[in-house]
Amino acid sequence: KIKLPKGWTVASIEALRNENHGAKAEEEKLIYTIDPSVIFTFTGMANKKSVDAVLSALQEIDGKGTFFVTEIELRRYPDAIRSVVDAGQEIGICIYPRPEQDFVDICAEILRIKEILKRKFNIETQLIKQFSGVIREDTKEAIATMGCRLISSNINAVQNRHKDYQTAEQILPEILEPAVYSRGRGWIINIRMEFYTRDSWAAELTLHIKRKKIGNIAYNSYDDVYGVKPENDLG
């Protein structure tokens with residue numbers, strides 16, 4: 001039996017599906033913007049020490065990130081998620097459809113997560129990310145039917161072979177070749193926080209990417225010294 005929040009039925013989901021006319025969410029790997037920003041997203045809330053380290057890193061660089069949380073994480077790790085909310089960071093929805101789940105199952109999962117976020121954290125969001133794997137067509141349709149956006153990334157900074165790496169200097173050349181001098185504005189970089197052996201690894205990687213591939217393109221305006229007029233600095 002499909003578990004749905006109060007006020008929802010399978011029939012009401014199917015009615016929305018009919019109104020959606022088969023439209024599917026487009027996978028957004030970058031955000032078109034004139035803002036001089038690179039986007040960081042984070043998944044994996046199971047290790048609170050890692051979450052706290054990432055939050056400290058973002059505070060150090062006056063940065064904002066979007067943390068995508070699953071239904072299980074909302075139930076098991078509310079303290080870690082509360083830390084993200086209290087730090088003023090953004091929360092999104094993370095799903096990971098199993099092979100046996102269909103369109104209605106995926107919609108139901110999205111609705112349950114939205115209900116928990118609203119009830120426990122007073123958060124409403126339309127941002128959805130799939131944890132990993134190829135995104136199925138029925139998943140894209142479910143996201144569109146729920147009126148949400150499908151957020152992906154063009155740089156996945158965490159790969160299986162990196163689990164036991166000890167320094168950011170080891171990993172960076174493997175995800176960004178030396179010829180890739182910097183990140184473009186609006187590019188989305190995703191970092192999985194609970195994956196690494198070391199608790200501080202995700203935070204260190206965040207700072208290293210900021211320093212080597214974002215901060216390296218900072219410049220001053222004609223009559224400015226860097227840091228004196230922050231509104232004139234680009235980094």
Side-chain angles (χ1 to χ4, degrees), residues 29-31 35-70 73 76-92 94 96 127 129-133 151-219 226-227 230 233-235:
K29 295 186 176 182
L30 60 84
I31 305 298
D35 189 65
S37 301
V38 175
I39 300 163
F40 280 84
T41 64
F42 300 92
T43 57
M45 304 295 295
N47 185 340
K48 191 172 186 302
K49 290 182 179 179
S50 180
V51 174
D52 289 342
V54 168
L55 291 175
S56 295
L58 291 174
Q59 184 179 32
E60 178 180 332
I61 60 176
D62 192 25
K64 299 292 182 182
T66 303
F67 292 71
F68 288 89
V69 300
T70 66
E73 288 170 340
R76 292 182 179 177
Y77 314 113
D79 291 345
I81 297 169
R82 173 59 65 186
S83 296
V84 173
V85 175
D86 290 346
Q89 303 294 341
E90 185 175 39
I91 294 289
C94 186
Y96 195 6
L127 304 181
K129 183 178 185 64
Q130 181 169 297
F131 187 77
S132 65
I151 306 300
S152 184
S153 63
N154 53 19
I155 296 294
N156 180 20
V158 176
Q159 300 176 18
N160 289 338
R161 65 181 183 274
H162 300 150
K163 184 177 180 67
D164 297 317
Y165 278 30
Q166 295 300 307
T167 67
E169 286 79 2
Q170 289 176 281
I171 187 175
L172 195 57
E174 297 188 14
I175 60 174
L176 294 170
E177 297 178 1
V180 181
Y181 185 70
S182 65
R183 301 294 81 221
R185 67 179 66 200
W187 287 31
I188 303 174
I189 301 171
N190 185 66
I191 295 178
R192 182 178 165 187
M193 296 179 292
E194 95 296 2
F195 182 73
Y196 296 115
T197 302
R198 291 173 52 229
D199 296 334
S200 61
W201 196 181
E204 292 172 17
L205 182 59
T206 300
L207 293 175
H208 194 68
I209 293 174
K210 167 63 170 66
R211 183 170 63 254
K212 293 292 186 179
K213 298 297 182 178
I214 302 173
N216 65 333
I217 56 174
Y219 65 82
Y226 182 81
D233 300 329
L234 174 63

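None of these values were measured; they are calculated from a predicted model. Numbers here simply count residues along the sequence, with the first being 1.
Taking all atoms of both residues into account, the shortest heavy-atom contact from F131 to G44 is CE1-N, 4.4 Å. Of all the heavy atoms in N154 and I188, the pair that sits closest is OD1-O, 2.9 Å. A80 approaches V51 most closely through the heavy-atom pair O-CG1, 4.1 Å. Considering every non-hydrogen atom in both C94 and T43, the closest pair reads SG-CG2, 4.5 Å.
In this structure, CZ in F67 is found 11.0 Å from CD1 in I81, a value given to the nearest 0.5 Å. Remark: T41 OG1 to K129 NZ distance equals 4.5 Å, nearest 0.5 Å. Atom CG in L55 sits 9.5 Å away from atom OG in S50 (nearest 0.5 Å). Note: E90 CD to F40 CZ = 15.0 Å, rounded to the nearest 0.5 Å. The CE atom of M193 sits 10.0 Å away from the CG atom of D52 when rounded to the nearest 0.5 Å. Of the inter-residue distances, the one linking S200 atom OG with N47 atom CG reads 10.0 Å to the nearest 0.5 angstrom.
Within 6.0 Å of atom NZ in K29, 12 or fewer heavy atoms from other residues, nucleotides or ligands are found, so the atom counts as exposed in its surroundings. Surrounding CZ of R76 are at most 12 heavy atoms belonging to other residues, nucleotides or ligands under 6.0 Å away. For D62, the CG atom sits in a loose shell: 12 or fewer heavy atoms of surrounding residues, nucleotides or ligands are nearer than 6.0 Å.
Judged by distance alone, with hydrogens and angles left aside, the side-chain atoms of E73 form a donor-acceptor pair with the main-chain N or O of M45 at under 3.5 Å. Q89 contributes a side-chain N or O that, together with a main-chain N or O of G63, makes up a donor-acceptor pair within less than 3.5 Å.
Partners of Q59 by side chain to side chain donor-acceptor pair (under 3.5 Å), not counting sequence neighbours: none found. K64 meets the side chain to side chain donor-acceptor pair (under 3.5 Å) test with no other residue; sequence neighbours excluded.
Among V69, T66, L58, the single residue meeting the side chain to side chain contact (heavy atoms under 4.5 Å, CB included) criterion with F42 is L58.
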